[in-house]
Engineer: 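Structure incoming, see below.
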Amino acid sequence: MAAAWRLANAARRVTLIERRPYLGGRAYSFVDRDTGQQVDNGQHVFLGCCTAYVQFLGEIGTVDRAARQPSLRVEVHSPDGRGGVLTAAPLPAPLHLLPSFGRYPHIGWRDKARAVPALLRIARERDREREPLRTQSFGDWLRRQGQSARAIANFWNLIVLPTLNDDVDHATASMGFMVFQESLLKDRHGTDVGFARGGLSAAMGAPAAERLRERGATVLLGATAARLTVEHGRARCLRLASGETLTADAFVCAVRDDQLRELLPDGAIEVGKPHEWSPIVNLHVWYDRPVADFDFRAFVDSPVQWVFNRTRIGGLPGPGTYLTVSLSGAWEWWPMTKDALRERFVPELARALPQARAARVERFIVVKEQRATFRNLPGEGAWRPRQRTRIPNLFLAGDWTDTGWPATMEGAVRSGNTAAAALLASPRSVS
Ligand SMILES: Cc1cc2nc3c(=O)[nH]c(=O)nc-3n(C[C@H](O)[C@H](O)[C@H](O)COP(=O)(O)OP(=O)(O)OC[C@H]3O[C@@H](n4cnc5c(N)ncnc54)[C@H](O)[C@@H]3O)c2cc1C
């Protein structure tokens, strides 16, 4: 969407081909048939550091469909009733975190005293892509800095698990550094939390299709690209699954790496080893009464990771409450049936939310995304191609291409922007 948007704005004749009947890819919403409410396939959050994504929303005219914190405020509770809050004080970064970190109740003062020098080492690191950081896990690096299991579980992983969709022991130290540097340590507003108020598709896919068409682009929905023909070193034409063939001067492929392999002739460009993927499971729970007085809250010492109060966020009518429980790195939960997840998590939610104890669950649905995000495993390093390829009129986009960012909407938009810029700058691909 981002690549098409940039190219349409540069007066190129653009055709966007999407095999699903809507735009948005891995970030979309649907209407729940029982409640009639918009359900996101997975709770999507963006942070203050996601500048390209926010700019994209601004350009397609939907930035007001997202709630954005003026300043970081994340409540972190444990089921025993202890509550803490991480906020940004009016101090220059990274000092802005110190006051609330000092009061944070889920790790002891010794752990905090050890965490501060580790955070400062991360803040001072100028080359987070260097070999030792790419080949070791963030967890190993943290343990070398004297971080205890409790500090890792209740502070470091609180941030790494939802942002990298992986545990500190499975993410490279490079990516761990990236997350802390870009969100928490560089800028006081880098961690301000934002999310779509009323359905991801209303904030992104649907308006993007509308704006693109207004700019003269052709948006083909429900059309599957089957094969890209490459002749004499140039991409020539695209065959759709319907049998139709489209020719173009230049192509941007914005599909996942495994999907790209199917599209291209063998060896046309280097596509690398297939990525491994991490699953995300979202539980959507409707209660018959108010059960939560927050927009969102994180939990420690509980399998409930992050809870979003969709009734408050979306301004939905009461008296019931619609909660989304977002479970990242969800290998444990992925194989479980809906009933088993309900049996496991409804009591956990009652432990975490006192008001839920007497409430009745009126509806419970589960959305599992097996290939939610690619992994940045230590040692292997996620191989990520640049957006410009050796075929002069073929460009790549997608969160998995080389953006320096983890699998995020920000990474996806950045990749699209870079692919479009490369295409526009390329003398070999005419309009
Ligand atoms: C449950 C879940 C929660 C997430 N949470 C967050 C979050 O909180 N914050 C965040 O920033 N990111 C989050 N992400 C990640 C984010 O959704 C992705 O990083 C981003 O959407 C990737 O965009 P993309 O354009 O690179 O790829 P995709 O969204 O996968 O888009 C690729 C598109 O190509 C289409 N396609 C594939 N093959 C073909 C073909 N042959 N012909 C035509 N079309 C084809 C697909 O249908 C798809 O629409 C989450 C993802 C999931 C699944």
Side-chain angles (χ1 to χ4, degrees), residues 1-5 15-29 39-47 49-50 52-54 56-57 66 161-165 179 183 193-196 200-201 203-205 208-209 219-228 238-242 246 251-264 275 277-284 296 305-306 308 324-330 333-334 366-374 384 387 396-401 403 405-419:
M1 292 190 291
W5 178 247
T15 302
L16 175 54
I17 296 153
E18 166 57 55
R19 75 174 173 191
R20 291 175 169 177
Y22 50 83
L23 292 188
R26 271 171 277 156
Y28 70 95
S29 49
V39 172
D40 291 346
N41 69 316
Q43 178 64 50
H44 277 64
V45 165
F46 60 91
L47 300 177
C49 56
C50 297
Y53 175 69
V54 173
F56 178 66
L57 291 190
L161 188 59
T163 48
L164 295 183
N165 191 23
V179 166
S183 63
V193 175
F195 34 73
L200 279 167
S201 292
M204 281 195 295
V219 180
L220 297 180
L221 299 177
T224 300
R227 197 73 173 164
L228 188 67
L238 182 70
R239 185 167 49 76
L240 302 186
S242 62
L246 302 174
F251 297 83
V252 178
C253 285
V255 298
R256 288 193 325 240
D257 63 335
D258 52 314
Q259 296 164 334
L260 184 67
R261 276 183 196 86
E262 285 170 24
L263 215 52
L264 293 175
H275 283 116
W277 295 80
S278 304
I280 297 181
V281 171
N282 271 240
L283 314 175
H284 301 271
F296 68 97
Q305 295 173 11
W306 290 73
F308 292 80
T324 292
V325 181
S326 179
L327 303 171
S328 300
W333 316 120
W334 165 254
V366 178
V367 183
K368 296 175 176 177
E369 292 274 4
Q370 186 181 15
R371 289 174 175 228
T373 60
F374 68 86
R384 302 175 73 175
Q387 288 76 23
L396 303 180
D399 61 355
W400 65 282
T401 61
T403 63
W405 280 69
T408 48
M409 300 182 290
E410 173 72 9
V413 171
R414 282 178 184 238
S415 75
N417 291 349
T418 309

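For ligands, and for the atoms within them, numbers begin at 1 and follow the listed sequence.
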Engineer: For atom 43 (C) of ligand 1, what's the nearest protein heavy atom and its distance?
Structural biologist: Arg19 N, 3.3 Å
Engineer: Please confirm whether the backbone N or O of Arg26 pairs with a side-chain atom of Asn41, one donor and one acceptor, at under 3.5 Å?
Structural biologist: yes
Engineer: Please indicate whether any nitrogen or oxygen in Phe46 is less than 3.5 Å from any nitrogen or oxygen in ligand 1.
Structural biologist: no
Engineer: Under a 4.5 Å cut-off applied to non-hydrogen side-chain atoms, are Leu263 and Cys253 in contact?
Structural biologist: yes
Engineer: For ligand 1, which atoms, with element, lie under 4.0 Å from some heavy atom of Glu369?
Structural biologist: 1 (C), 53 (C)
Engineer: Check whether any heavy atom of Glu262 sits under 4.0 Å from an atom of ligand 1.
Structural biologist: no
Engineer: Quickly, which of Val367, Val325, Val366 forms a side-chain contact (heavy atoms from CB on, under 4.5 Å) with His284? Name it, please.
Structural biologist: Val367
Engineer: Does only the side chain of Ser415 get under 4.0 Å from ligand 1, or the backbone, or both, or neither? Count heavy atoms.
Structural biologist: neither
Engineer: Consider every N or O of Thr224 and every N or O of ligand 1, then say whether any pair is closer than 3.5 Å.
Structural biologist: no
Engineer: Against heavy atoms of Ile17, which atoms of ligand 1 measure under 4.0 Å?
Structural biologist: 43 (C), 44 (N)
Engineer: Should you measure from each heavy atom of Gly42, which atoms of ligand 1 turn up under 4.0 Å away?
Structural biologist: 1 (C)
Engineer: Could you check whether any side-chain N or O of Thr224 sits under 3.5 Å from a backbone N or O of Arg19, counting only pairs where one atom can act as donor and the other as acceptor?
Structural biologist: no
Engineer: Would you call the rings of Trp306 and Phe296 parallel, tilted or perpendicular, where under 30° means parallel and over 60° means perpendicular?
Structural biologist: parallel
Engineer: Who's closest to atom 30 (O) of ligand 1 heavy-atom-wise, of Arg26, Met1, Glu18?
Structural biologist: Arg26
Engineer: Specify the protein heavy atom at minimum distance from atom 6 (C) of ligand 1: its residue, its atom name, and the distance to 0.1 Å.
Structural biologist: His44 CD2, 3.4 Å
Engineer: Which protein heavy atom lies closest to atom 18 (C) of ligand 1, and at what distance to 0.1 Å?
Structural biologist: Asp399 OD2, 3.5 Å
Engineer: I'd like to know if the side chain of Gln387 and the backbone of Ser415 have a donor-acceptor N/O pair within less than 3.5 Å.
Structural biologist: no
Engineer: Using a strict 4.0 Å cut-off to heavy atoms of Ala254, name the atoms of ligand 1 that fall inside it.
Structural biologist: 32 (C)
Engineer: Identify, for atom 25 (O) of ligand 1, the protein heavy atom at the shortest distance, and state residue, atom and that distance.
Structural biologist: Ala412 CB, 4.0 Å
Engineer: Glu410 to ligand 1: N or O pair under 3.5 Å?
Structural biologist: no
Engineer: Which protein non-hydrogen atom lies closest to atom 37 (C) of ligand 1, naming both residue and atom, and how far is it?
Structural biologist: Gln259 OE1, 3.2 Å
Engineer: When you measure from atom 42 (N) of ligand 1 to every protein heavy atom, which one gives the shortest distance, and what is it?
Structural biologist: Ala225 N, 2.9 Å
Engineer: If the cut-off is 4.0 Å to any non-hydrogen atom of Ala407, which atoms of ligand 1 fall inside it?
Structural biologist: 15 (C), 19 (O)
Engineer: Give me the residue, atom name and distance of the protein heavy atom closest to atom 5 (N) of ligand 1.
Structural biologist: Gln43 O, 3.5 Å
Engineer: Of the protein's non-hydrogen atoms, which lies at the shortest distance from atom 9 (N) of ligand 1, and what is that distance?
Structural biologist: Val45 O, 2.8 Å
Engineer: Is there a donor-acceptor contact under 3.5 Å from the side chain of Thr324 to the main chain of Phe308?
Structural biologist: no
Engineer: Check whether any side-chain heavy atom of Glu410 sits under 4.5 Å from a side-chain heavy atom of Phe46, and report yes or no.
Structural biologist: no
Engineer: Relative to atom 45 (C) of ligand 1, which among Leu221, Val281, Val255 owns the nearest non-hydrogen atom?
Structural biologist: Val255
Engineer: Using a 3.5 Å distance criterion without hydrogens, assess whether the side chain of Thr418 forms a donor-acceptor pair with backbone atoms of Arg414.
Structural biologist: yes
Engineer: Could you tell me the separation between the CE atom of Met409 and the CZ atom of Phe56, rounded to the nearest 0.5 Å?
Structural biologist: 11.0 Å
Engineer: Just heavy atoms, cut-off under 4.0 Å: does Met409 contact ligand 1 by side chain, backbone, both, or neither?
Structural biologist: both
Engineer: Return yes if some donor-acceptor pair links the side-chain N/O of Asp399 with the main-chain N/O of Thr373 below 3.5 Å, else return no.
Structural biologist: no
Engineer: Within the distance-only criterion (no hydrogens, no angle test), does the side chain of Asp257 pair as donor or acceptor with the backbone N or O of Trp400 below 3.5 angstrom?
Structural biologist: no
Engineer: Find all atoms of ligand 1 within a distance of less than 4.0 Å from any non-hydrogen atom belonging to Gly398, and give their numbers and elements.
Structural biologist: 26 (O)
Engineer: Walk me through whether Ser326 and Gln305 qualify under side chain to side chain contact (heavy atoms under 4.5 Å, CB included).
Structural biologist: CA-CA 7 Å; Ser326 179; Gln305 295 173 11; 5.9 Å; no
Engineer: Which ligand 1 atoms are under 4.0 Å away from a heavy-atom of Ala372?
Structural biologist: 51 (C), 52 (C), 53 (C)
Engineer: Mind checking whether Ala223 contacts ligand 1 via backbone (N, CA, C, O), side chain (CB onward), both or neither, at a 4.0 Å heavy-atom cut-off?
Structural biologist: backbone
Engineer: Is there a donor-acceptor pair under 3.5 Å between the side chain of Arg227 and the backbone N or O of Glu262?
Structural biologist: yes
Engineer: Is the closest N or O pair between Thr408 and ligand 1 shorter than 3.5 Å?
Structural biologist: yes
Engineer: Go through ligand 1 atom by atom and flag the ones less than 4.0 Å from a non-hydrogen atom of Gly25.
Structural biologist: 29 (O), 31 (O), 48 (C), 49 (O)
Engineer: To the nearest 0.5 Å, how far apart are CG in Leu220 and OG1 in Thr15?
Structural biologist: 6.0 Å
